[in-house]
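Reckoned from all heavy atoms, side chains included, excluding hydrogens, waters and symmetry mates. To find a chain, count down the sequence lines: A is the first, B the second, and so on, and within it residues start at 1.
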Amino acid sequence: MDEVKQLAKQATVYVVPTKPFSFEGTFFKPSHFPSKLVLYDNGRLYQAIEVGGHAFGVEIFGSSPNSQKVGITIYAPKAISDSIKKAIEREVVTRYDLAGDIGGFIEEYRGDSLLAEPIQRWGGMRPSVAYSLYGFLMVATVLQNATVKRTVQMMDALLKQYGKKLIFAGREVYAIWSPEDMEKVSETDLRDLRIGYRAKNIKRISHSFVTKQVSEELLRSMRRKQDIKEALLEIYGVGPQSVSYLLFEAFHFYDALDHLSPWEGKIVSMLLYGNKTTSPKRILKDVEKRWGKWKMLAIHYIFEDLFWRRKEECIPWLEEEIRM
DNA sequence: CATCAGGGCCCTG
DNA sequence: CAGGGCCCTGAT
């Protein structure tokens, strides 16, 4: 519990993302739930990445204000091999969609009344997720049926007990436990962390990873959105809400929007129609017509821009929908 | 103090 | 396919 590891700098690699690209838009998501798994500080992102059963510290930065290169500094207890470096680089490229092709979207909608400003500020932003599939599902599990505050509390309790604290570059972030670690933990012990019925889901999801019934590798190799969706829905404790986040953020389907949760529905409704009451069904139809194959990316640009603005100015109707 | 719904999902009818 | 129940907490 509260296993701590001090890591030292071992290597820096660089990748060149496809254009157009926005570093901050891609690596910092104001709308994402805050956790000790990721730290964005002074234009740099700190997180753990697990490769070959080991957790490495990773620091990601834009190499210079105008260069489009992304630097990845890797921290570890001892020197690392080229294959580890490659694997971590690949993981960053995949999780942050650095090889994605969104040029068509920017071209087509830079004049769109709702997208012009977000594109001006964030043009080149990618849908991205800091976590592995397993990590994402753990987060999604504590997000269920809870307010953000309680979610943070549950995640902190879990990380304190089962996570690995990594110290590198003068910062601290946690690496999530592995599915195998969770196999050794009893449901009762988990429940003692006050996470309620979610204990069962965590156990079952972990087990399906250990038995290879679920494999991130395999899912990533699938081409069709529908196939991935069906495979994800088979996982116990994973429903339409988590899957729709995953299809967009982790699997980068820019049109992955056929489901709107009530709280998101209200926010999108307000942005599109100036009221909170338009039905999700109507919204989905209009969004399809307006942005077609880019519809979820469009919503993401508008959404992140809104959350970013929230830091600058007070948006009362939004505060009502975000219960911290 | 009691009641209730929450940034879902499963299960039942 | 609609709706109750789930753990626990903070808001009322």
S.K.: Can you confirm whether A:Lys311 is buried at NZ, in the sense that more than 12 heavy atoms of other residues, nucleotides or ligands lie under 6.0 Å from that atom?
M.R.: yes

S.K.: Report yes or no: is there a donor-acceptor pair, N or O only, under 3.5 Å between the side chain of A:Arg194 and the base of C:dC8?
M.R.: no

S.K.: With side-chain hydrogen bond (donor to acceptor under 3.5 Å, both in side chains) as the test, pick out the partner of A:Tyr75 among A:Glu59, A:Gln10, A:Lys9, A:Lys5.
M.R.: A:Glu59

S.K.: Got a second to check how far A:Arg44's CZ is from A:Ile60's CD1, nearest 0.5 Å?
M.R.: 11.0 Å

S.K.: What verdict does the salt bridge (charged side-chain N to carboxylate O under 4.0 Å, His left out) test give for A:Lys289 and A:Asp286, after you've listed the backbone C-alpha separation in whole Å, the side-chain angles of each residue and the deciding distance to 0.1 Å?
M.R.: CA-CA 5 Å; A:Lys289 195 170 156 202; A:Asp286 289 350; over 6 Å; no

S.K.: Please report, rounded to the nearest Å, how far the P atom of B:dC9 is from the CD1 atom of A:Ile202.
M.R.: 14 Å

S.K.: Provide the distance between the two P atoms, one in C:dC7 and one in B:dT12, to the nearest whole Å.
M.R.: 14 Å

S.K.: So which protein nitrogen or oxygen atoms get under 3.5 Å of nucleotides 2-4 of chain B's nitrogens or oxygens?
M.R.:
none

S.K.: Starting from P on B:dG7, measure out to CD1 on A:Ile299 and report it in whole angstrom.
M.R.: 20 Å

S.K.: Could you give the CD1-to-C1' distance, from A:Ile205 to B:dC10, as a whole number of Å?
M.R.: 13 Å

S.K.: Nearest whole angstrom, please: distance from the P of C:dC8 to the CG of A:Asn201.
M.R.: 14 Å

S.K.: Indicate, yes or no, whether a donor-acceptor pair under 3.5 Å links the base of C:dC8 to the side chain of A:Arg198.
M.R.: no

S.K.: Any donor-acceptor pair under 3.5 Å between the side chain of A:Tyr197 and the base of B:dG8?
M.R.: yes

S.K.: For atom P, what is the distance between C:dT12 and B:dG7, given to the nearest Å?
M.R.: 13 Å

S.K.: What is the distance, rounded to the nearest whole Å, between atom CD1 of A:Ile235 and atom P of B:dC10?
M.R.: 10 Å

S.K.: A cation-pi test, strictly: NZ or CZ of A:Lys36 under 6.0 Å from the centre of the six-membered ring of A:Tyr174 and no more than 45 degrees from its axis. Yes or no?
M.R.: no

S.K.: Kindly express the pairing pattern of DNA chain B in dot-bracket notation, using | wherever a base pairs with another strand and counting only Watson-Crick or G-U pairs under 3.5 Å.
M.R.: .|||||.||||||

S.K.: Report the distance from atom CG of A:Asp189 to atom P of C:dC7, rounded to the nearest whole Å.
M.R.: 16 Å

S.K.: Using whole Å, what does the distance between atom P of nucleotide B:dG7 and atom CG of A:Leu246 come to?
M.R.: 19 Å

S.K.: Is there a side chain to side chain contact (heavy atoms under 4.5 Å, CB included) between A:Tyr245 and A:Phe136 once you walk through the steps?
M.R.: CA-CA 10 Å; A:Tyr245 285 141; A:Phe136 183 98; 3.6 Å; yes

S.K.: Which label fits A:Trp122 and A:Trp308: parallel for a plane angle under 30°, tilted from 30 to 60°, or perpendicular past 60°?
M.R.: perpendicular

S.K.: Does the plane of the ring in A:His300 sit parallel, tilted or perpendicular to the ring in A:Phe248? Use 30° and 60° as the thresholds.
M.R.: perpendicular

